[in-house]
Amino acid sequence: GGSVSLQNTSSLIVDARGAAAGAGEKPGATSASGTLGGGGAGHGGGGGKSSSNHAGGGVYGSALVPVAQGSGGGAGRYNNHAKTGGAGGGVINMTVGSSLTVSSGATITANGAAGIDGDIQSGGYHAHVAASGSGGGSGGSILINVGAVYGSGEIRANGGKGGERGQNTYNNGWGHH
């Protein structure tokens, strides 16, 4: 069989090419109303719950034969203002005859996308709470059938970071309008 080599800045990337936000096999929970953050999507491990306790998605897929796409993170929300969750990572399934070399600086990734941070809301006495951040998408799958892998490059299928909760800034004075 033949060999494949990814050199220096070469990459094979399917980041955020899996399930869309809030979709997939085990997406993060999305808030239907209120001021709540979205949960992170699950895949090889459970997704993280949001700061407002919206559940993360559960575990699915196979550690021995990983072929499932990542799920999408749940949306964060303040009333009708939603922050879309991150998309899940895609799938790489390749067969290489004898060896795969992933040289330093080269990458093979199927990462989930990060969630979106909530807004910073400012105002006086009637300021509202800003939209809470959304959940990150879960990593996808990388399955490489090969005799040997060489090199110091990176092979990753990580979940995306959850979005930060929005913040409020208030006017502490009793000023008149």
Side-chain angles (χ1 to χ4, degrees), residues 1-29 37-51 54-76 83-120 132-166:
S3 297
V4 173
S5 180
L6 293 178
Q7 300 296 316
N8 299 1
T9 59
S10 297
S11 57
L12 179 55
I13 299 173
V14 293
D15 295 353
R17 298 288 189 171
E25 203 162 327
K26 299 286 182 174
H43 187 173
K49 69 178 179 176
S50 71
S51 61
H54 265 86
V59 177
Y60 66 97
S62 167
L64 298 177
V65 185
V67 293
Q69 69 179 0
S71 293
K83 295 291 182 178
T84 304
V91 176
I92 295 172
N93 185 347
M94 60 191 277
T95 299
V96 178
S98 61
S99 68
L100 170 66
T101 301
V102 184
S103 298
S104 178
T107 59
I108 298 175
T109 62
N111 297 322
I116 299 173
D117 291 346
D119 296 320
I120 295 176
S132 291
S134 61
S138 61
S141 295
I142 300 173
L143 176 60
I144 303 172
N145 295 298
V146 64
V149 177
Y150 302 104
S152 60
E154 297 182 8
I155 300 175
R156 292 178 279 136
N158 297 331
K161 174 186 171 296
E164 300 288 329
R165 181 175 171 82

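Note that the coordinates shown come from a computational prediction; the quantities given were computed from them, not determined experimentally.
Ile142 CD1 to Leu12 CG: the interatomic distance, rounded to the nearest 0.5 Å, is 8.0 Å. Separating the OG1 atom in Thr101 from the CD atom in Gln7 is a distance of 7.5 Å, to the nearest 0.5 Å. Atom OH in Tyr60 sits 6.0 Å away from atom CD in Glu25 (nearest 0.5 Å). Atom CD of Glu154 sits about 12.5 Å away from atom CG of Leu6, to the nearest 0.5 Å.
Smallest separation of non-hydrogen atoms from Ala19 and Gly24: CB-CA, 3.6 Å. For the residue pair Val91 and Val67, the shortest heavy atom distance occurs at CG2-O, 3.7 Å. Residues Ser71 and Ser138 approach most closely at N-OG, 2.7 Å, considering heavy atoms. Between Gly140 and Ala157 the shortest heavy-atom distance is O-CB, 3.6 Å. The two atoms that bring Ala110 and Gly90 nearest to each other are CB-O, 3.4 Å, heavy atoms only.
Side-chain atoms of Asp15 come within 3.5 Å of backbone N or O of Asn111 as a donor-acceptor pair. Although no hydrogens or angles enter the test, the distance criterion places no donor-acceptor pair under 3.5 Å between the side chain of Asn8 and the main chain of Gly105. Side chain of His43 to main chain of Gly139: a donor-acceptor pair is present (N/O by atom type, distance under 3.5 Å, no hydrogens or angles). A donor-acceptor pair under 3.5 Å is formed between the side chain of Ser98 and the backbone N or O of Gly2. Between the side chain of Ser132 and the backbone N or O of Gly76 there is no donor-acceptor pair closer than 3.5 Å.
Of the listed residues (Thr95, Ile144, Leu100), just one forms a side chain to side chain contact (heavy atoms under 4.5 Å, CB included) with Val4, and that residue is Leu100.
For the pair Asn145 and Asn93, the minimum side-chain heavy-atom distance is below 4.5 Å. Between Thr107 and Arg156 there is a side-chain heavy-atom pair separated by less than 4.5 Å.
Under the 3.5 Å distance criterion, with hydrogens and angles disregarded, no donor-acceptor pair is assigned to the side chains of Ser134 and Thr84.
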